[in-house]
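Following: one structure in structure tokens, then a few remarks.
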Amino acid sequence: MTTLSSKAPSPSSPALLLDEGVDSVTQVIVHPLVFLHVLDHHTRRQEASGRVIGTLLGRRDGKTVEVTSCFAVPHAERGDEVAIGKDFNKQMLALHVRANRKEVLVGWYASAAQGEDGTDTDLIADTSSLIHEFYAGESDEGDPIHLVVDTRLVEDSISVRVFRSTPVMVQGEPMANLFHELRLTLESTEPETLALFQMNTADQAEEKSAEEPLLVSMGKLLQLLETASTYVDSVVEGKVKPDAEIGRKVADTLATVPRIRPEVFDKLFNDSLQDLLMVTYLSNITRTQLSIAEKLNASLGV
């Protein structure tokens, strides 16, 4: 990994200038796949990691940047130093360019998590300037964007913000970076819209499919119990002539029911229900993995 460290500015700074480029980015368009990847990366991070970072890929047209995909980059932060997987970033970027030559490096993303002591941290960390300088050297334009996904869950929603950095010039030399927020727009293609719709409806369908068999079986059982109870009451009241064959079947059925306390029965029922739900969940995961493997084999021509 490449280690970066911050340098303290000179104590004498008589002139501060902001270097604003002529073709600076003013609008950023992000596709839903990027958000899902960042959230998945943050969810799978190590427990000791405060946040995750990655490379943003897309296209730049004048003052507009369109982010279409991304990939994770390993890094480690300790104090004012940052270690970034530079070789890993180059290898992954080369592979992505081979798959889609229209995509270029346009910036980097980061998640915002709580600090080690549980306190809320800022969206722009102190080490973000070091990482931004690294991506400024890796990008062709030299003006990368910084996408931040707020995963602190301070509110009931996950906010997404995007920034660009402006160098602060001291006596003609860049000494620091000042991050400005840009206008962010969410845009999805027709296939992405269909995929999001299917993901939403599939989750609801899986929940219903896991509950429907149990509800149907319990409904049938309740109906049979009500029928048997009505018959027994009618025989006792003398409304229906007793039938010895039916009586023996009812007695045999009642004899097969174990005599256990209600709290024990509730525990056994809940344990069985949890096992059923776990088997359903594992089967869905297996089906998804097989589908992904088939698509990968088809794309690689295996």
Side-chain angles (χ1 to χ4, degrees), residues 1-10 16-28 30 34 37-38 41 49 51-112 123-149 161-182:
M1 289 188 177
T2 301
T3 304
L4 308 174
S5 59
S6 60
K7 297 180 181 180
S10 174
L16 296 177
L17 298 176
L18 299 180
D19 186 11
E20 291 283 355
V22 178
D23 296 331
S24 300
V25 179
T26 59
Q27 181 181 5
V28 178
V30 183
V34 178
H37 178 88
V38 176
H41 185 195
S49 301
R51 64 171 181 170
V52 296
I53 69 170
T55 301
L56 297 176
L57 302 174
R59 294 176 291 272
R60 178 167 178 171
D61 184 9
K63 297 184 179 182
T64 302
V65 171
E66 182 179 5
V67 184
T68 55
S69 63
C70 60
F71 61 86
V73 174
H75 90 296
E77 300 183 34
R78 180 180 299 176
D80 295 335
E81 294 185 349
V82 180
I84 303 176
K86 184 177 180 180
D87 296 336
F88 178 86
N89 181 68
K90 286 186 176 181
Q91 293 176 1
M92 289 295 296
L93 183 59
L95 292 175
H96 275 268
V97 171
R98 289 179 59 184
N100 192 347
R101 298 184 180 276
K102 295 182 180 180
E103 290 184 345
V104 296
L105 192 152
V106 295
W108 64 288
Y109 71 80
S111 63
L123 290 179
I124 304 296
D126 295 336
T127 54
S128 295
S129 298
L130 300 175
I131 303 176
H132 200 82
E133 291 178 359
F134 166 76
Y135 278 97
E138 295 292 323
S139 62
D140 297 334
E141 299 290 339
D143 185 18
I145 62 171
H146 178 29
L147 181 72
V148 181
V149 179
R161 303 169 67 179
V162 63
F163 304 87
R164 68 173 295 267
S165 176
T166 301
V168 178
M169 308 298 293
V170 179
Q171 293 182 348
E173 296 183 0
M175 300 300 296
N177 291 323
L178 183 62
F179 287 92
H180 300 275
E181 187 171 1
L182 303 176

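None of the values given here were measured: they were computed from a predicted structure. What's counted below: heavy atoms across the whole structure, side chains too, no hydrogens, waters or symmetry copies.
- Note: His75 NE2 to Leu130 CG = 11.0 Å, rounded to the nearest 0.5 Å.
- When each of Arg98, His96, Glu103 is checked for a side chain to side chain contact (heavy atoms under 4.5 Å, CB included) with Asn100, only Glu103 meets the rule.
- The side-chain hydrogen bond (donor to acceptor under 3.5 Å, both in side chains) search around Glu138 returns none, not counting sequence neighbours.
- With values rounded to the nearest 0.5 angstrom, Thr127 atom OG1 is found 13.5 Å from Arg78 atom CZ.
- Side-chain contact between Ser128 and Trp108 is present, with at least one heavy-atom pair separated by less than 4.5 Å.
- Considering only heavy atoms from C-beta on, Glu66 stays 4.5 Å or farther from Asp61 through its side chain.
- Taking the six-membered ring for Trp and thresholds of 30 and 60 degrees, Phe179 and Phe163 have ring planes more than 60 degrees apart, a perpendicular arrangement.
- No side-chain N or O of Ser139 forms a donor-acceptor pair with one of Arg60 less than 3.5 Å apart.
- Counting heavy atoms from C-beta outward, Leu93 and Leu57 have side chains that approach closer than 4.5 Å.
- Note: Cys70 SG to Leu105 CG = 11.5 Å, rounded to the nearest 0.5 Å.
- Atom OG of Ser165 and atom NE2 of His146 lie 9.5 Å apart (nearest 0.5 Å).
- Taking both residues in full, the closest heavy atoms of Thr166 and His180 are given as OG1-CD2, 3.1 Å, listed atom of the first, atom of the second, then distance.
- Using modelled atom types, one side-chain atom of Ser111 and one backbone atom of Val52 make a donor-acceptor pair closer than 3.5 Å.
- Considering only heavy atoms from C-beta on, Val34 comes within 4.5 Å of Leu147 through its side chain.
- Taking CD1 of Ile124 as the reference point, atom CD of Glu181 lies at 9.0 Å (rounded to 0.5 Å).
- Partner Tyr135 forms a side chain to side chain contact (heavy atoms under 4.5 Å, CB included) with one of Val73, Ile145, Val106, Asp143 and no other, that one being Val73.
- For the residue pair His37 and Ala72, the shortest heavy atom distance occurs at NE2-N, 3.5 Å.
- Ile131 is listed as a side-chain neighbour of Ile53, based on a closest heavy-atom distance under 4.5 Å.
- Nearest approach of Arg51 to Ala110, heavy atoms of both residues: NH1-CB, 3.9 Å.
- Closest of all the heavy-atom pairs between Val148 and Ala112 is CG1-CB, 4.2 Å.
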